[in-house]
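Here's the structure, in structure tokens; my notes come after.
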Protein chains: 2
Amino acid sequence: MILSDFLKTIVPFPQEEITGIVSHFKKETIKKNQNLVKEGQICNKLYFVEKGIGRSFYLKEDGKEVTQWFFIESKMMSSVESFFQQVPSLYYLQMLEDSVVHSIKRDDIDFLFAKYHNMEKFGRLLSTEMLTRVVNKLNALQFQTARERYDYMLTEFPDLSTRVPLGYIASYLGMSQETLSRIRRYDTNKQ
Amino acid sequence: MILSDFLKTIVPFPQEEITGIVSHFKKETIKKNQNLVKEGQICNKLYFVEKGIGRSFYLKEDGKEVTQWFFIESKMMSSVESFFQQVPSLYYLQMLEDSVVHSIKRDDIDFLFAKYHNMEKFGRLLSTEMLTRVVNKLNALQFQTARERYDYMLTEFPDLSTRVPLGYIASYLGMSQETLSRIRRYDTNKQ
DNA sequence: TATTTCTTTTGATCTATGTCAAAAACTAAA
DNA sequence: TTTAGTTTTTGACATAGATCAAAAGAAATA
């Protein structure tokens, strides 16, 4: 889905506003495994993923990566708290495939928020939608077993398992790669 | 803190907007342990906690309660996804002390969002702030030990442990009451 | 202040999941 | 198609934290 269509699915912008908004985005082509943001940097862009798939991940002291979120096609992507509070990011943002994204700078989106009431609404709806998703994951982590968390993942990101390494999904779900592998084996034996 | 002051800490509303907004809120006095919302109901109010403390909790099939969030003084409180998506709430909303809250209905807040650009901004900022908090908890649950999760809680809700039962906090942190008790003992022995 | 009720702590197991290491199964390059 | 590199699976063992049960401590009520 292209950016302008995505915008319209959230708020029914009039065409001239769409044009004004889209003109502040910049198309970027990203190679597989390239980082958009590194830990410690202030993330000053919000991205729309047109093609490809991204993730945010945290690097633990022992060098292990913990995936925090996946960003699939037709979704916005950012290091949320870094972008909105302008503090150093705790996470890396990385594209996992050759990708096409559209980025907008913090200043530009603030300008648009102030200029268009509709844009402010867009920001609000986007935030609450993301909040709902994060709360769903929170529940999975807080009181579900590893098996149940895997089921949660299948509903939130159905086609993920064929596109990204197993270990990325395992850490996203707060379990080891070995455990996820065993769950999956059990699952396929069942059918 | 009273409601109008709280609103101003988020967005610098002009006084006439404050008046217009506050007039849509209704003051409610709630007794200890009273529920504002039950599981299965659509939560059609957003609350501002003026005095007291609330929580949202999930009831598992085995009858155990799992606290999802705490709402302290000068914070907004709701069953977020039920209120914003108008779907049945998965949670109970409960006040844990005799409390004073101010509530606004979904229709009224939508009216205010549409009427005041500032109000839309307020909604957006509130959402992103909540999103940031939820992400912090997510990280604690995803890759921290029980001890570290307890530390997270102390920063997020410093004076909570003296005000609510231990079991509520333990389930909020995704651990058993016994584990939290042992962590706390170890902690006090350290100082 | 006694009595009852609720909450927290402690002790003794148990278990889901982690860790480590090696084998197997893929993928990509030569 | 071989070779080298990467990812996934499997096995053996370790452990953080769960569960169950009972004791101790607080708080509420008579």
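Protein chains get the first letters and strands the later ones, always in sequence-line order, with residue 1 at the start of each.
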Check the distance between [N]'s [atom2] and [X]'s [atom1] and give it to me in whole angstrom.
X        : N      : atom1 : atom2 : result
A:Lys64  : C:dT19 : NZ    : P     : 5 Å
B:Gln142 : C:dG18 : CD    : C1'   : 16 Å
B:Leu180 : D:dA16 : CG    : C1'   : 15 Å
B:Phe143 : D:dA16 : CZ    : C1'   : 18 Å
B:Arg149 : D:dA16 : CZ    : P     : 13 Å
A:Tyr150 : C:dT17 : OH    : C1'   : 17 Å
A:Arg185 : D:dT10 : CZ    : C1'   : 7 Å

Original post:
Mind checking what makes salt bridge (charged side-chain N to carboxylate O under 4.0 Å, His left out) contact with B:Glu148, not counting sequence neighbours?
Top reply: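 B:Glu148 satisfies salt bridge (charged side-chain N to carboxylate O under 4.0 Å, His left out) with no residue once adjacent residues are dropped.
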
Original post:
Quick one: salt bridge (charged side-chain N to carboxylate O under 4.0 Å, His left out) partners of B:Lys75, sequence neighbours excluded?
Top reply: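 Applying salt bridge (charged side-chain N to carboxylate O under 4.0 Å, His left out) to B:Lys75 gives B:Glu129.
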
Subject >> Listed nucleotide nearest any side-chain atom of B:Leu166, set C:dT9, D:dA18, C:dT10 >> reply: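 Looking only at heavy atoms from C-beta outward on B:Leu166, the closest nucleotide is C:dT9.
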
Original post:
Side chains of A:His102 and A:Glu28: is there a donor and an acceptor less than 3.5 Å apart?
Top reply: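 A:Glu28 and A:His102 do not have a side-chain donor-acceptor pair below 3.5 Å.
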
**OP:** Classify the side chain of B:Arg182 and the base of D:dT19 as holding, or not holding, a donor-acceptor pair under 3.5 Å.
**Re:**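 Donor-acceptor pair under 3.5 Å: yes.
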
Original post:
Has B:Arg55 got its NZ or CZ under 6.0 Å from the middle of the six-membered ring of B:Phe57, at an angle within 45 degrees of the ring axis?
Top reply: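 Because its charged atom sits under 6.0 Å from the ring centre and within 45° of the axis, B:Arg55 does stack over B:Phe57.
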
Subject >> Candidate list B:Ser82, B:Ser78, B:Ser56, B:Ser79, test side-chain hydrogen bond (donor to acceptor under 3.5 Å, both in side chains), partner B:Ser89, passing option >> reply: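 Exactly one pass, corresponding to B:Ser79.
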
Original post:
Between residues 170-178 of chain B and DNA chain D, which residues have a heavy-atom gap below 4.0 Å?
Top reply: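 Heavy-atom cutoff 4.0 Å gives B:Gly174, B:Met175, B:Ser176, B:Glu178.
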
Original post:
Can you check whether B:Arg184 has a side-chain N or O nearer than 4.0 Å to OP1 or OP2 of C:dT8?
Top reply: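 Looking at the OP1 and OP2 atoms of C:dT8, neither is under 4.0 Å from any side-chain N or O of B:Arg184.
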
Original post:
OP1 or OP2 of C:dT9 less than 4.0 angstrom from a side-chain nitrogen or oxygen of B:Ser181, does that happen here?
Top reply: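 Yes, because at least one side-chain N or O of B:Ser181 sits under 4.0 Å from OP1 or OP2 of C:dT9.
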
Subject >> Pairing of B:Lys137 and B:Glu156 as salt bridge, 4.0 angstrom limit >> reply: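 A salt bridge is absent here (no side-chain N lies under 4.0 Å from a carboxylate O).
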
Original post:
Looking at CD of B:Gln177 and OH of B:Tyr168, how far apart are the two atoms once the value is rounded to the nearest 0.5 Å?
Top reply: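 Going from the CD atom of B:Gln177 to the OH atom of B:Tyr168 covers 10.5 Å.
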
